[in-house]
There are 2 protein chains.
Amino acid sequence: MNWADLQVLLAFQREGTLQKTAVKLGIDISTVSRRLRSLETDLGSTVIENVSGRLVLTSYGEQAARTAEAMEAESENLPRSVKDSEKLLSGVLRIALLDLVVFFHADLINAFTVRYPQIALELVSGTTRMHSLTRREADVAIRIAKQPDETLVGMRAVHSKYAVYAHTSIANQSYASLGELPWIGWDAAVNARVTDAWMERHIPTRQVRYRVNSPIAQFLMTEAGSGACILPIVYAERSDKLVKISDVLSGFDTDLWLLTHRDLRRNARVQAFFDHFYQGLAPFR
Amino acid sequence: MNWADLQVLLAFQREGTLQKTAVKLGIDISTVSRRLRSLETDLGSTVIENVSGRLVLTSYGEQAARTAEAMEAESENLPRSVKDSEKLLSGVLRIALLDLVVFFHADLINAFTVRYPQIALELVSGTTRMHSLTRREADVAIRIAKQPDETLVGMRAVHSKYAVYAHTSIANQSYASLGELPWIGWDAAVNARVTDAWMERHIPTRQVRYRVNSPIAQFLMTEAGSGACILPIVYAERSDKLVKISDVLSGFDTDLWLLTHRDLRRNARVQAFFDHFYQGLAPFR
DNA sequence: CATTCAGTTTGCATCTGTGCAAATGTAGCT
DNA sequence: AGCTACATTTGCACAGATGCAAACTGAATG
């Protein structure tokens, strides 16, 4: 499928005759004719037909020309100079993410600002997990979830399973079951159904010494030796203070998603961000 | 500007090397190289650069590749068969218009249904002038206005000036001024500021025998000889029962617009409708 | 430091696609 | 009916784009 032939088709639709099309494109009549024919063999359908000496688009040809028109509309966005393209990579980019992500990927974020000095990053972190992208509170969201919001588009950058971890000092104690250890769980305000269900079944409530409402707090408290906690393996394994003290837990798997609105999906800044992060997160995949 | 070269650029971005790109496209390495170079001279900027033996896209090249990607996304909509394209021209098309338009352009509407038998037209006419396109009460609106709603897109199909017309029997009476004739005016519910202001200045209220709320009613009543009325010239001149009894009135000019939502602007049915009507209305322009 | 590998560049013969010009076809006009 | 204007089709010679093969470059490896 040759896009150049679609250009010819579009020009022909506008000009109406081979002659005018040829003049417009600065090529010969015969070439126009033959390019349209080649398009037909590519597409497998008749695009023009000869009605008493004049060529007119078939209904099919008109449809094809329509999408060519849409393509042209996109092509207008071609940066026409280097300056033009640089402008696309400047401005503000608001990113909604968890502090946990900042904690583990500060280097990656930093590398981004070095690589694209004209882009001002605004990190909207905090404990509320759901920053509404649809309300434009951020351009991009980095979310940890099993399934992202359907109205958003993006990619799965990291996959992680979960297990119970604890500081070495705790792990080295002797204990008959995990229920004997001190634990760190979720605050009631956090809607963590899977975790809550598991904890209820395996851990006596009195053993849950801390209830926190953010993943980063869970992680830091666990590293500080406050108790055992269910943590994502990809991250926990990178800490030399933590030890895995259970098998992999099933049903906990989540993914790290890079997400944006449909409208922004072709935005240069957003794409630069996605490319940078998707590549940078490869070691975690 | 050759779109085919953009295709090559896009493929190169995805494959990463000339070699792989060449295989993917089924052409030779050297051709890939030269096509990219030709793109550079077309665009006037460097698209790839040689960093220690490997070719990588420049920042500018990445931007260009992005729009190529957007073009590709559009190209996916290319109907791949005649059946495919026919499907695009079937279904329902709701049109909001004035009865006046139906009255004068019934032939044109009819010709449309003959030409596109698979499109079921739904005409939403009536006296309320503003059918909300943004609420999807209709796909297309044919509106008579000076300026269309800014959120809508479309084209100006007919331009008309206005003058006072009356049935020949009335026009043939002897009268000193237009104020002596019986008149047809707008109902109070119709927001016709320009007309109301003119009438107030030139016509005694008691002479306004009829007040109607739709343009078609104005037209038909005038043709029936009920009184004088301000009518659009393009239409009034086509009636052999009506005579122009004033100069052209200034400040009354309006246009007939074909309008749709931005989202639907590339829809096949809508475009077919626009093309058909814009051409069919040429004699009125 | 030589060797290999993966990639890009360049020179040259070839072939495809292009432009030109003549032929052909259709509608409209006198 | 013949003429004109405008349009498409076709045959042929040629230029430019293509593929091939060889030369070239840099990085990694032992």
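Just so we're on the same page: letters track the sequence lines, and every chain starts at 1.
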Leading and trailing nucleotides of DNA chain D with any atom under 4.0 Å from heavy atoms of chain A:
dA7(D) to dG11(D)
Rounded to whole Å, please give me the gap between CD1 in Ile27(A) and C1' in dG17(C).
11 Å
Checking side-chain polar atoms at under 3.5 Å, does Glu223(A) have a donor or acceptor matched by the opposite partner on Tyr165(A)?
no
Would you jot down, in residue-number order, the residues of residues 33-53 of chain A having a non-hydrogen atom under 4.0 Å from DNA chain D?
Ser33(A), Arg34(A), Arg37(A), Asn50(A), Gly53(A)
Asp28(B) has an atom CG; how far is it from atom P of dT14(C), in whole Å?
16 Å
Is Thr67(A) close to Pro79(B) at the side-chain level, that is, under 4.5 Å between some pair of heavy atoms?
yes
How would you list, by chain and number, every residue that makes a salt bridge (charged side-chain N to carboxylate O under 4.0 Å, His left out) with Asp28(B), sequence neighbours excluded?
none
May I ask you to decide if the ring planes of Phe112(B) and Tyr116(B) are parallel, tilted or perpendicular, using 30° and 60° as cut-offs?
tilted
Here the distance between atom C1' of dC5(C) and atom CZ of Arg54(B), to the nearest Å, is 9 Å
Arg94(A): partners by salt bridge (charged side-chain N to carboxylate O under 4.0 Å, His left out), with sequence neighbours left out
Glu122(A)
Of residues 15-26 of chain A, the positions that come close to DNA chain D - non-hydrogen atoms, cut-off under 4.0 Å:
Thr17(A), Leu18(A), Gln19(A)
Check the phosphate of dT18(C) against Ser30(A), side-chain N and O only, distance under 4.0 Å to OP1 or OP2. Yes or no?
no
Taking atom CZ of Arg80(B) as the centre, does the number of heavy atoms from other residues, nucleotides or ligands within less than 6.0 Å exceed 12?
no
Under 6.0 Å between the ring centres of Tyr235(B) and Phe103(B)?
no
Is the distance between the ring centroids of Phe284(B) and His105(B) less than 6.0 Å?
yes
Do other residues, nucleotides or ligands put more than 12 heavy atoms under 6.0 Å from the NZ atom of Lys241(A)?
no
Qualifying residues under salt bridge (charged side-chain N to carboxylate O under 4.0 Å, His left out), relative to Glu72(B), sequence neighbours excluded
Arg14(B)
